Amino acid sequence: MVASILRVPTPEAREPAKATTGNVLRVSGPSALNGEVALSGAKNSALRLLAASLLTSGTVTLTNYPSELLDAQLHVEMLDALGKSCELISADEIRIAEVSVPQSRLEWTRRSIRNTLLILGALTARTGAGSVPLPGGCKLGERKYDLHVMLLEKLGARVWEDGDYLCAEAPNGLIGTDIYLPMRSTGATENAILTGCLAKGVTRLWNPHIRPEILDLIALLRKMGAKIRVFGQEHIEITGSEGLHGAEHRVIADNMEAITWVVGAAVTGGDIEIRDFPYDDLESVMVHLRAAGARFYRGDTSLIVRGGTCYPIEISTGPHPGINSDVQPILAAWGVKARGESRIVDLRFPGRYGYAEEMARMGASYEEDGDMLRIHGNGGALKPATVRALDLRAGAALSLCALMAEGETVITDAWQISRGYVNFAEKLTSLGATCRWEA
């Protein structure tokens, strides 16, 4: 059967994932989270693996695939529009075959996602040209795409904007070269790897961002026949091939979901066992959480989190193995629970603190001090309110705050959560929370 994707009329339309997911999430508190939860496949890995399927005419099969994520569903429709046939074998397995050689232009009128930049790179590498809608995704301050333009130009492509589209062409193919990133960019690193796989000669990417999702992408590409060598954080070397073949690959567990359940157990005084916990990928943030009062016990394949007293936390985001920017809204919920001042610094996306105003509607106290967010925790003494999910991580963080509040909190634009979490409300309910989707 072919994956069934719900269509919406305009790119900016409110977009529920399916019948059990709506635009509003109602969460009643206070409620402690207790029980066992299994992590889904990582959004930040799955989308990159989908883009990699454009590099081959062979069949790519992904297991532990998070099929219910809104962004994954959109990406699958993009692949369909480009000439791929995407078949859901089960809820967590997808098979991507090729019906025809991908078109160079992605005709698309719906909501865009940041991954269109990787589609552009893959199309240019495979077909010699590409044209995709300008990227969307979470609005995290200034998210430019100049590094993507730079690396494509370094590889010999001509790149330009045409209305709402970003276009590139390399009629004679991409040519391997040395690319120096001025900053460690996840997306630019991924695009350099994808394009380098089919470029002529050797591409060396200096100052890459080596993080779990990128290593997962490299693992799939190697299975497809790519020649990639990683020299730590210094550089990545990609020897171009004339073509890649199909492969089967298991998507890594979602480390952002993992941290969400860790913080959820702690701020609600609950007890959760998190299966397939990717501890090695999260060591830095887990060290900070332990120092801030988290009580957890590491098993061979799982992590048990048993409440604990939340003390103020101070973190600064940065490249892996530092703390990912995606984590900071979740840690802000920790700061709300703690008594005292927590400090969060995100120099990469300082405009991402907008969720704090939504938390303030529930009684949280905060102030922005330059690039620093100061949260004056009150022990989680929150009141219910109507708040808005500004992005998917903000939506998850507001849900955790709602679990601390006395009464029912209404989270609007909650479809954002379903962009990055599989069965979020259903998993909350299985852990003892009272919540429901509403259209």
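Small disclaimer: the values here were computed from a predicted structure and weren't measured.
Using a distance-only test at 3.5 Å, with no hydrogens or angles considered, no donor-acceptor pair links the side chain of Asp162 to the main chain of Tyr165. Proximity of a side-chain donor or acceptor of Asn324 to a complementary backbone N or O of Val327 within less than 3.5 Å is not detected. Listed for the Arg222 side chain is a donor-acceptor partner under 3.5 Å among the backbone atoms of Ile228. Panel note: side chain Thr434, backbone Gly29; no donor-acceptor pair is recorded below 3.5 Å. Using a distance-only test at 3.5 Å, with no hydrogens or angles considered, a donor-acceptor pair links the side chain of Tyr353 to the main chain of Asp371. For Thr409 (side chain) and Pro384 (main-chain N/O), no donor-acceptor pair under 3.5 Å exists by modelled atom type. Glu408 contributes no side-chain N or O that, together with a main-chain N or O of Val27, makes up a donor-acceptor pair within less than 3.5 Å. The backbone N or O of Ile119 lies less than 3.5 Å from no partner atom in the side chain of Thr116, so there is not a single donor-acceptor pair. A donor-acceptor pair under 3.5 Å is formed between the side chain of Ser53 and the backbone N or O of Leu50. A donor-acceptor pair under 3.5 Å is formed between the side chain of Asp254 and the backbone N or O of Lys43.
In this structure, Ser342 OG and Ile315 CD1 are separated by 9.5 Å, a value rounded to the nearest 0.5 Å. Atom-to-atom distance recorded for Gln416:CD and Arg393:CZ is 11.0 Å, nearest 0.5 angstrom. Taken from CD1 in Ile236 to OG1 in Thr203, the straight-line distance is 11.0 Å, to the nearest 0.5 Å. Here the CG-OH distance, from Leu120 to Tyr145, works out to 11.0 Å after rounding to the nearest 0.5 Å. Here Glu426 contributes atom CD and Cys435 contributes atom SG; the two are 7.5 Å apart, rounded to the nearest 0.5 Å. Taking CE from Met286 and NE2 from His288, the interatomic distance works out to 12.5 Å, rounded to the nearest 0.5 Å.
Among residues two or more places apart in sequence or in another chain, the salt bridge (charged side-chain N to carboxylate O under 4.0 Å, His left out) test is passed with Asp281 by none. Taking the ring pair (Phe, Tyr, Trp, His ring centres under 6.0 Å) definition, one finds that Phe231 meets it with His235, sequence neighbours left out.
The minimum heavy-atom distance between Leu118 and Ala51, with the atom names listed, is CB-CB, 4.0 Å. Taking each heavy atom of Ala157 and Thr124 in turn, the nearest pair found is CB-CG2, 4.4 Å. Of all the heavy atoms in Thr268 and Ala32, the pair that sits closest is O-CB, 3.4 Å. The minimum heavy-atom distance linking Ser185 with Leu147 is given by the pair CB-CD1, 3.6 Å. Looking at every heavy atom in both residues, Ile330 comes nearest to Ala397 through CD1-N, 3.9 Å. Residues Leu54 and Ala122 come closest through the heavy atom pair CB-CB, 3.9 Å.
Stacking of Arg298 on the aromatic ring of Phe277 is not recorded, the 6.0 Å distance cut-off and the 45° axial limit not both being met. Under the 6.0 Å distance and 45° angle rule, Arg339 does not count as a cation-pi partner of Tyr311.
Between the side chains of Tyr355 and Gln328, at least one donor-acceptor pair of N or O atoms lies under 3.5 Å. Counting only N and O atoms by type, the side chains of Asp216 and Ser45 include a donor and acceptor under 3.5 Å apart. There is a side-chain donor-acceptor pair under 3.5 Å between Lys427 and Ser40. Using a 3.5 Å distance cut-off with no hydrogens or angles, the side chains of Asp276 and Thr301 do not pair a donor with an acceptor. Looking at Thr63 and Glu93, their side chains never bring a donor and an acceptor atom within 3.5 Å of each other.
Taking 4.0 Å as the cut-off between side-chain N and carboxylate O, Glu438 and Arg26 count as a salt-bridged pair. Using a 4.0 Å cut-off between charged side-chain N and carboxylate O, Asp346 and Arg352 make no salt bridge. Ion pairing between Arg295 and Asp271 fails under the 4.0 Å rule for side-chain N and carboxylate O. Arg275 has a carboxylate O that lies under 4.0 Å from a charged side-chain N of Glu36, or vice versa, which qualifies the two as a salt bridge. By the 4.0 Å N-to-carboxylate-O rule, Arg110 lies close enough to Glu77 to be salt-bridged with it.
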May I have the step-by-step check of side-chain contact (heavy atoms from CB on, under 4.5 Å) for Leu373 and Tyr366, ending in yes or no?
CA-CA 7 Å; Leu373 175 67; Tyr366 79 97; 3.6 Å; yes
I'd like to know whether Asp326 forms a side-chain contact (heavy atoms from CB on, under 4.5 Å) with Asn44, so could you lay out the CA-CA distance, the side-chain angles of the two residues, the decisive distance to 0.1 Å, and finally the verdict.
CA-CA 11 Å; Asp326 275 358; Asn44 288 336; 3.4 Å; yes
For Leu428 and Leu33, run side-chain contact (heavy atoms from CB on, under 4.5 Å): C-alpha distance rounded to whole Å, both residues' side-chain angles, the deciding distance at 0.1 Å, then the answer.
CA-CA 7 Å; Leu428 277 177; Leu33 299 183; 4.1 Å; yes
Verdict with reasoning, Ile94 to Ile89, per side-chain contact (heavy atoms from CB on, under 4.5 Å):
CA-CA 6 Å; Ile94 189 170; Ile89 307 304; over 6 Å; no
Go through the steps to decide whether Arg388 and Glu358 satisfy the test salt bridge (Lys or Arg N to Asp or Glu O under 4.0 Å), and finish with yes or no.
CA-CA 7 Å; Arg388 177 171 172 250; Glu358 301 302 312; over 6 Å; no
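Here the side chains of Phe296 and Arg290 are in contact, with some heavy-atom distance below 4.5 Å. The closest side-chain heavy-atom distance from Glu213 to Arg48 is not below 4.5 Å. Taking 4.5 Å as the limit, some side-chain heavy atom of Thr260 sits within range of a side-chain heavy atom of Tyr421. Between Ser28 and Leu403, the closest side-chain pair of non-hydrogen atoms is not below 4.5 Å. Between Glu314 and Ile344, the closest side-chain pair of non-hydrogen atoms is not below 4.5 Å. The side-chain heavy atoms of Leu25 and Ile417, taken from C-beta on, include a pair separated by under 4.5 Å. For the pair Leu106/Pro133, a side-chain contact is recorded, criterion being any heavy-atom separation below 4.5 Å from C-beta on. Counting heavy atoms from C-beta on, the side chains of Tyr297 and Leu303 never come closer than 4.5 Å.
Results of the side-chain hydrogen bond (donor to acceptor under 3.5 Å, both in side chains) test with Thr186 over His209, Arg114, His320 single out His209 as the only residue that passes. In summary, of the residues considered (Leu221, Leu220, Ile252), a side-chain contact (heavy atoms from CB on, under 4.5 Å) with Leu49 occurs for Leu220 alone.
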